[in-house]
Amino acid sequence: MTARVDHAVTSGTFTLDGETFDVDNNVWVVGDDQECVVIDAPHSVDEILAVVGTRRVEAIICTHAHDDHVRVAPELRKVTGAPILLHPAEKPLWELTHPDEEWDGDLSDGQELEVAGERLEVLHTPGHAPGAVCLFAPGLECVFTGDTLFNGGPGATGRSYSDRPTIVESIRTRLMVLPPETVVHTGHGDDTRISAEMGNVH
Ligand SMILES: [Zn+2]
């Protein structure tokens, strides 16, 4: 069975440093007809499950722990039985949203996950958040960048736990070295390609 990428946009809020904003988040589901992984768990379990359908969820992979990416992760875990995977450097951000919950497995740079015969390579790309990760799927010729790289350039670095020089370094050394035609599936907004963002990283 061939793996594919499915997608939904869910709406809710993002809160950090005492301010709250309305946001639309992308949810990415990678898998075949039998199994899948969910990349990020924003806002609505029902809307995520509508994309998952009857498939077995192997993992809930969080690109980082801002509340708009992890809010319903524990609820989704309860419904699906799937483990939540997160980079351990996200602990302070995770605890802002889920002080009484723990994630199940640590993500680490260079780790390889597999779903439906496709490999997902974990790239630790700090800057937007200390434990932000991207997931490169070479067989699907795409990368899931969370809030590290958007259509238009780097993710935001104006708030706590963020750092602009660090995100630029991460994008240059970890993402701009991927094949230029790689499709970039972002945490918010439209897709782009590595080649299209090369002039936007500074
Ligand atoms: Zn974020």
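Here the structure is a predicted model, which means the values were calculated and not measured. Counting convention: from 1, in listed order, for ligands and their atoms alike.
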* Using the Zn ion (ligand 1) as the apex, give the angle to atoms NE2 (His128) and ND1 (His66), rounded to 10 degrees. => 90°
* Does the distance from a Lys or Arg side-chain N to an Asp or Glu carboxylate O, for Arg159 and Glu19, drop under 4.0 Å? -> yes
* **Ionic contact status for Glu197 with Arg193, cut-off 4.0 Å** => no
* Asked: If you draw a 6.0 Å radius around CD in Glu95, do more than 12 non-hydrogen atoms from other residues or ligands fall strictly inside?
  -> yes
* Should we count CD of Glu141 as having more than 12 external heavy atoms under 6.0 Å? -> no
* the Zn ion (ligand 1) - closest N/O/S atom in Asp147 -> OD2
* **Heteroatom N/O/S of Asp68 within less than 2.8 Å of the Zn ion (ligand 1)** => no
